[in-house]
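Some notes on the structure that comes next.
All chains are named by letter (A, B, ...) in the order of the sequence lines, taking the proteins before the strands, and each is independently numbered beginning at 1.
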Number of protein chains: 4
Amino acid sequence: MALTGTRAERKQARPREILQAAFEEFSLRGYAATSVEHIADRVGVTKGTIYVYFSSKENLFESMVSELAQPSIDSSFYLSALYRGAAIDTLTAFLRDLYKAMVQDRYMSEISRFLVAEANSFGDLRRKYREAFALPVLATVQAIVEHGCETGEFRGEAADLDPFLLISPLLGLNVARHIDPEFKVATEQFVEQHILFIRYFLEKRGTGR
Amino acid sequence: MALTGTRAERKQARPREILQAAFEEFSLRGYAATSVEHIADRVGVTKGTIYVYFSSKENLFESMVSELAQPSIDSSFYLSALYRGAAIDTLTAFLRDLYKAMVQDRYMSEISRFLVAEANSFGDLRRKYREAFALPVLATVQAIVEHGCETGEFRGEAADLDPFLLISPLLGLNVARHIDPEFKVATEQFVEQHILFIRYFLEKRGTGR
Amino acid sequence: MALTGTRAERKQARPREILQAAFEEFSLRGYAATSVEHIADRVGVTKGTIYVYFSSKENLFESMVSELAQPSIDSSFYLSALYRGAAIDTLTAFLRDLYKAMVQDRYMSEISRFLVAEANSFGDLRRKYREAFALPVLATVQAIVEHGCETGEFRGEAADLDPFLLISPLLGLNVARHIDPEFKVATEQFVEQHILFIRYFLEKRGTGR
Amino acid sequence: MALTGTRAERKQARPREILQAAFEEFSLRGYAATSVEHIADRVGVTKGTIYVYFSSKENLFESMVSELAQPSIDSSFYLSALYRGAAIDTLTAFLRDLYKAMVQDRYMSEISRFLVAEANSFGDLRRKYREAFALPVLATVQAIVEHGCETGEFRGEAADLDPFLLISPLLGLNVARHIDPEFKVATEQFVEQHILFIRYFLEKRGTGR
DNA sequence: TATGAATGAGACTTCATTCAT
DNA sequence: GATGAATGAAGTCTCATTCAT
């Protein structure tokens with residue numbers, strides 16, 4: 001931890017430092033097995049200092065998730081793009097961006113792990129995730145597919161598609177990497193294959209080429 | 001817990017009863033937040049009794065996973081089937097069975113959650129899972145696809161496919177249900193769509209029939 | 001603490017041992033300033049042991065009061081005595097017994113101190129004390145005085161007497177001894193003077209003689 | 001806290017403001033359960049400021065008691081009055097004034113509670129209270145009674161009276177109100193009854209008039 | 001085998017106090 | 001003088017584990 005700056009600057013930076021450290025420690029051991037002291041040690045302060053900024057371990061955890069989990073997906077952007085081009089292009093762009101936001105982004109990726117591990121204990125987390133992320137993403141996919149069907153760009157059968165099917169590989173990839181970091185999937189390539197896969201199904205003549 | 005049988009029989013059954021109870025409790029709260037007493041209470045014995053059968057909480061957890069996580073997937077079965085029919089049929093059967101084993105089976109489904117939550121703390125679990133489940137499954141998929149390519153049943157491009165892409169939706173489905181049990185996916189239908197999806201990509205003329 | 005007896009016997013005696021120790025320590029320092037460890041040390045066990053028997057420090061304190069505060073005053077006894085003799089004799093007997101129960105009894109005496117010190121924090125204590133002790137005692141005094149007036153044994157003016165005035169010296173004595181144990185009042189004599197005092201006021205001809 | 005006056009004036013007033021706030025907070029929760037921050041908050045300053053004026057929490061508490069506990073009873077006044085009138089009148093005046101000083105005065109009343117609660121921990125308090133209040137009061141009562149006996153105004157038996165008996169109802173009243181504020185005694189009337197009571201005993205012919 | 005009282009290490013949290021600004 | 005960030009000691013409570021019975 002940088003010991004530079006005036007006291008005022010240090011103070012300003014403290015909350016974020018703590019959230020960062022909390023993120024690392026919670027990621028490593030999970031909520032219950034991480035002690036506030038672990039986090040304090042990582043920041044280089046004492047336990048008491050943590051409580052100057054956060055009222056409880058629970059509050060620290062939730063603040064950490066709120067602060068670091070910033071899903072950078074803006075549904076309206078993709079939907080508006082629909083009127084300027086092919087649905088498949090919008091969908092492709094959306095999936096690539098979703099990949100960046102869900103899999104590549106270290107925070108979001110890890111937070112999806114917290115969700116699996118702690119959602120039972122942190123009902124709020126589940127609710128926030130659903131409302132701020134899961135539902136909008138699914139609605140967007142659904143809308144794009146429907147639009148593609150209406151314009152005749154996609155097969156009729158596509159209309160019955162569960163939108164979660166188009167998302168699930170990303171979630172699966174995420175989880176696989178959490179379960180076993182050594183199990184290296186060529187992730188970039190994985191998404192492109194995933195997209196290609198989708199095109200074969202959705203587009204009227206198999207692959208778009 | 002069935003209260004039937006002689007005392008001797010019940011004693012015989014004790015270890016399994018304990019593992020069952022451990023499963024329920026660990027599922028509910030996670031490893032760290034579950035106390036040995038929770039488990040003892042559920043079985044109807046005292047904490048001390050747990051230690052008659054298991055040397056430690058860790059050992060109990062690991063035993064529970066080993067005992068209850070019995071992936072009922074036999075790779076050799078599907079591989080041998082390849083010589084008696086179409087690759088797509090083998091693959092279809094395999095995926096359906098994998099769905100049963102991974103998603104429908106309560107134990108395996110929950111254990112995949114444990115893996116996400118605790119793999120960092122239980123390195124052995126990760127290793128076992130990889131060796132006993134992940135790698136064989138991926139190898140089987142890979143083999144089936146390769147066979148389909150060789151016999152000309154599948155497109156040439158299929159050879160480059162990452163086999164994990166074919167599995168990932170199941171993993172994603174599993175996890176989604178853990179994150180949010182209220183997020184109801186029509187799971188049976190989900191798998192069939194998933195299979196159909198794959199056929200469009202793999203088979204030479206879109207969906208075969 | 002006696003380290004004798006079988007384990008079973010020791011276990012049986014534990015709760016009372018702990019309550020005793022709690023009484024001594026709480027008396028010495030007050031609720032907030034007494035740590036559970038002080039109490040455990042006095043019993044000769046570790047902190048954890050206390051929590052085997054009591055769910056919290058608060059519960060321990062309340063249990064201690066409930067267990068040790070047994071006001072041995074039975075109102076009905078004095079009231080029934082009224083029909084067999086002079087009101088002044090009943091009153092005298094009552095006050096002497098009240099003195100024994102309030103001032104001489106070490107537990108009740110100390111508990112009145114807890115009430116002064118902690119009633120704000122332990123509302124239940126206040127309620128119990130009022131219902132189980134204060135109100136019955138005052139009602140009894142009131143009844144005896146009224147009876148004496150009706151039979152003509154006491155002056156008419158006595159009817160307007162606040163019964164608390166007859167009790168208050170005992171409460172005052174109690175408190176004085178708490179404030180300053182070195183301030184030695186000749187307590188036995190104090191009560192007899194107090195009774196004499198009352199007779200002068202109540203009885204028609206000054207002192208009963 | 002009045003927010004008037006120049007800054008300099010307010011600074012001047014700080015110590016007293018703090019003592020006032022300390023009084024309120026300590027009254028509410030007792031010494032141990034009151035945190036310095038509670039007090040600071042009430043004054044509208046930060047914890048650190050408290051330590052500008054007081055060296056420790058203990059010192060603050062003791063200063064508060066010293067500052068606010070100003071028994072407004074001047075023994076010599078009553079003793080000198082003896083030579084100008086009847087002993088019973090002096091005693092009556094004394095008891096009424098004592099009532100004002102002990103029971104009606106909010107500070108003294110509350111401080112007597114602190115004494116009960118904390119005298120064990122604050123030996124100094126006990127000593128001060130004894131020397132500055134208890135002993136002088138008792139000595140005064142004693143002197144008045146003796147004087148009344150000598151002049152023949154009081155019965156001979158009065159000489160053996162424990163002076164504390166004449167004071168104890170006030171102490172008892174005080175404490176009763178602390179134990180249970182809902183237990184409403186008609187306090188003004190209580191004292192007058194108490195005085196009447198005393199006259200019956202002390203004066204040669206029951207109540208004098 | 002089974003019990004459950006007891007332990008002791010460690011968790012979260014509070015708070016009087018200090019000190020650089 | 002005033003601040004408030006930081007500390008560190010201590011307090012309440014939990015729990016995996018042991019062991020005499």
Checklist entry - For the side chain of Thr49(D) and the backbone of Val45(D), is there at least one donor-acceptor N/O pair under 3.5 Å apart? => result no

Report each atom pair, protein N/O against N/O of nucleotides 9-12 of chain E, whose distance is under 3.5 angstrom.
residue: dC12(E); atom: OP1; partner: Thr34(A); partner atom: O; Å: 3.4
residue: dC12(E); atom: OP1; partner: Lys57(A); partner atom: NZ; Å: 2.9
residue: dC12(E); atom: OP2; partner: Val36(A); partner atom: N; Å: 2.9

Next on the checklist: Rounding to an integer number of Å, can you tell me how far Ile18(D) CD1 sits from dA16(E) P?
Outcome noted: 15 Å

Next on the checklist: Rounded to whole Å, how long is the line connecting atom CZ of Arg14(C) with atom C1' of dG4(E)?
Outcome noted: 13 Å

Item to check | Whole angstrom value for the distance that separates P of dT17(E) from CD1 of Ile39(D) | outcome: 11 Å

Checklist entry - Thinking salt bridges, do Arg42(D) and Glu17(D) make one under a 4.0 Å N-O criterion? => result no

Item to check | 5′-ward residue of the pair Thr49(C)/Ser55(A) relative to DNA chain E | outcome: Thr49(C)

Next on the checklist: Quick check: do Glu118(D) and Phe61(D) have side-chain heavy atoms less than 4.5 Å from each other?
Outcome noted: yes

Next on the checklist: When both hydrogen-bonding distances must be under 3.5 Å and the geometry is Watson-Crick or G-U wobble, what is dT17(E) paired with, if anything?
Outcome noted: dA6(F)

Checklist entry - With a cut-off of under 6.0 Å to the ring centre and 45° to the axis, is Lys57(B) in cation-pi contact with Tyr31(B)? => result yes

Checklist entry - Taking His38(B) for the side chain and Ala22(B) for the main chain, is one N or O donor matched with an acceptor at less than 3.5 Å? => result no

Next on the checklist: Rounding to an integer number of Å, can you tell me how far Phe61(C) CZ sits from dT12(F) P?
Outcome noted: 13 Å

Checklist entry - Which whole-number value in Å describes the distance from Asn59(B) CG to dT18(F) P? => result 12 Å

Checklist outcome for this item: Atom CD1 of Ile50(B) and atom P of dT18(F) are separated, to the nearest Å, by 14 Å

Item to check | Residues Glu67(B), Arg16(B): salt bridge by 4.0 Å N-O rule | outcome: yes

Checklist entry - Closest to the Val52(C) side chain: dT3(E), dA6(E), dA6(F)? => result dA6(E)

Next on the checklist: Could you check whether Glu24(C) pairs with Arg106(C) (Lys NZ or Arg NE/NH1/NH2 to Asp/Glu carboxylate O, under 4.0 Å)?
Outcome noted: yes

Next on the checklist: From OH of Tyr53(A) over to C1' of dT7(F), roughly how many Å is that when rounded to an integer?
Outcome noted: 12 Å

Item to check | Euclidean distance, atom CG of residue Leu60(A) to atom C1' of dT13(E) [Å, nearest integer] | outcome: 13 Å

